[in-house]
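Have a look at the structure below before the remarks.
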Amino acid sequence: MTDQPARLPRPGHPGVGQAPLPSPAGRSLLLRCVRAAGGSAVVLALVCVTGAAAQLALPAALGRTVDTLLGSGSPARWLLVTGLLIATAAAAEVLSPLVTGAGNARATAWLRRTLAGHLIALPVPVVRAHPVGDLVARLTGQATAAGTAASAVVLGVTSIVPPIGSLVALLLIDVRLGLACAAGLLVLSLLLRRFVTDASAAARDYQVVQGRLAAALAEALGGSRTIAAAGTAGREIDRILRPLPELSRHGRGTWDALATAAGRTSLLGPLTQIVVLATGGLLLGAGRITPGDLLAATQYAALGAGLGAILATLNRLIRVRTAAARADELLTVPATAHGCRTLRPGPGELRFLRVSVRAGDRPVLDGVDLVVPAGRTVAVVGSSGAGKSTLAAVAGRLLDPDEGCVLLDGTPLPALTSESLRRAIGYGFERPSLFGRTVREAVGLGRPEALVRATTRTAAIDDYLDRLPHGLDTPLRALPRSGGENQRLGLARALTAERLLILDDASSSLDTVTEARIMDVLLAPDSGRTRLIVTHRPAVAARADLVAWLSHGRLVRVDSHDRLWAVPDYRAVFGGPA
C-alpha cells in the first residue's frame, strides 16, 4: 500500500477529465487573486487610467494646437500640454509591465500556496480521483495563468476607456460624429461577444486535455523502470502523446477564434474611421467644426475603432478565467474537517462501530464491529479485495467511513484536532513517501532528536544512517536507498506516534532477519502502543495477540491465529491447504 488508499470518487466529486465551467465561485477566485496582488493592482490601475486619460486628452490638445496655429494665438501653451501628455502616456507604457510583473508574482505565489495547502487538506479519495500529472498542471502552469488575474482585470477594464472616452469626445465635438463611431463600435462589440464564447470553450477544453497529457506523462515517469524492463517505451510514448491531436484541435480552435475576430475588427475598424472622417469632412465644409476638431475627431476615431488591444486583453482574460475555474474546481471541494478536542489520557484502545465504506455501489467494508485492545496487537488478514487496506485507512482517519464511526480511547476521530490525531497515530506503508529536506525532517516530523534516534534503532535503520557522511542531516534527495531501507525509514517515522501504530504491509520489502528483529520490538507486550497490522504473512499473524479475518468487506471472525488455523478457508487466505 502507498501513503493513500485508492478509492473511487463519490457522485458529485469532480471527475477526471471533466471540463470546469466558470462559476460564481470561480469568479470569486479571480477577485481573490486580484486582492492577493495587493497594492500592485491599485498602482497598476492608477498607471493605466493615467495613461488612458493622457491618450484621450492628446487628440484634443493637438486639435487646439492646430486651431491656434491657424488662428492668431500662440501655440506654445498647447505644445507644452501636448508634450506633457505624450510623456505621461509613455511613462505609463514603461511602468505598466514593471507593476504587472510584481503583482502577478505575488498573486501566483498566494494561489499556489492556497491550492497546495487545500490539496493536502482534501479527503484522500478526492485527491486520488485526479491523476498526479493533472494536479501538477493545475498547480503550476494553470495557477500561473490564474495568478495574472489582477493585471488581466485591470488591463481589461482600462482597455475599454479609450473607445468609450473617444465616443464621448466625438459626441461632444458633434453628435453626428459620435453616432458614426457608435455604429461601428456596436458591430464590433457583437463580434467580440462571439469571440468570447468560442474562445472560452476552446481554452477550457485545451486545459483539460493538457491535464490528461500531463497525467499520462507522470504515470509513465513513475513506472519508468517497469517500462524499461518490459521494452515498451515506444508504446508508452504513443500512449502519452495520444491526446495530442485533440490538444491541437482545441488549440487551433482558440487561434481560429482569435484570427477570425482579429480579421473582422481589422476590417471594420478602418471602415469606422472612414465613416467618421467622411462625416467630419462634411461638417468641416459646412463650417460646423474647425480643422482642429477634424484632426481630433480623426484621432478619436482611431482610438475608438482600434479594438486590437481589447481583443488581446479579452483573449488573456479568457485564459485566466479558464485557469481559475480549474483551480476553483478543487478549492470548492470541502477540506477534511477536524474537531477541536485533544485526546484524553488513555492506553490506546481502538474501536470500530458499525463501520461501512462504499466505492460507488460496491461495499468495501460492511458493518464492521471491531475492538483493538489497548497495548495489544491485532493482525488484519484476508484475501485480495477483502478490505484490509481500507480498514487500516479508516483506523487512522485517512478515510472517513460512509457509516459508523471509529473511536480512539473513547473519542471519535473526527472530533480530534489534526495535531492531536497525527501525534497519536502513526502509519507504516508498503511504499512510504518521504518528505522534507533531510532525513531528520522526513523521519522526525519535528519530534525531539532522542525520539528520532530511538525510532531509527527500532526500525533497524540506525546502522545505515550512521554510515552516511552527515547522518540524520543527509539531504533526502541525495540519499541512496533500496526498497527495504525506504520501508525502514517510513517505519521509523511511524514509530514517532504516541498511542497507535498502523502497519499496512510495512515490512514486505525486508529480509527475514531484519523483519524478525523489528517485530521482536514492535510486538513486545511493553512496547507502549496499540498495533494494527495488515499482513499477508502467517508468521506475523501468528505473533499477534488477535487476528481480524476479513472477507468481502465483512469481519468473519476475531480470534487467535492458532484457533483460526483450524479453519480451511482461513488457511486458504495464506495459500495453505484448504
*Going by the ring pair (Phe, Tyr, Trp, His ring centres under 6.0 Å) test, which pairs reach into residues 532-551, not counting sequence neighbours?*
Trp549-Tyr570
*Using side-chain hydrogen bond (donor to acceptor under 3.5 Å, both in side chains) as the criterion, list what pairs up with Thr456, not counting sequence neighbours.*
none
*Can you tell me which residue pairs pass the salt bridge (charged side-chain N to carboxylate O under 4.0 Å, His left out) test with a partner in residues 369-382, sequence neighbours excluded?*
Arg354-Asp369, Arg376-Asp545
*Any residue meeting salt bridge (charged side-chain N to carboxylate O under 4.0 Å, His left out) with Arg106, in chain and number order, not counting sequence neighbours*: none
*With His338, which residues qualify under side-chain hydrogen bond (donor to acceptor under 3.5 Å, both in side chains), at least two apart?*
Arg397
*Set of residues satisfying side chain to side chain contact (heavy atoms under 4.5 Å, CB included) with respect to Val209, sequence neighbours excluded*: Arg212, Pro243, Glu246, Leu247, His250
_Restricting to side-chain hydrogen bond (donor to acceptor under 3.5 Å, both in side chains), what partner residues turn up for Arg437, sequence neighbours left out?_
Glu441
_Residues which pass salt bridge (charged side-chain N to carboxylate O under 4.0 Å, His left out) with Arg563, listed by chain and number, not counting sequence neighbours_ = Asp559
*Counterpart residues, side chain to side chain contact (heavy atoms under 4.5 Å, CB included), relative to Ser420 (two or more places apart)*: Thr342, Leu343, Leu416, Thr417
_side chain to side chain contact (heavy atoms under 4.5 Å, CB included) partners for Ala152, two or more places apart_ = Arg316, Leu317, Val320
_Under the side-chain hydrogen bond (donor to acceptor under 3.5 Å, both in side chains) test, residues paired with His552 that sit two or more places apart_ = none
_Flag, side chain of Arg112 to backbone of Thr140, donor-acceptor distance under 3.5 Å_ = yes
*Provide the full list of salt bridge (charged side-chain N to carboxylate O under 4.0 Å, His left out) pairs with a residue in residues 406-424, sequence neighbours left out, each pair given once.*
Asp409-Arg499, Arg423-Glu498
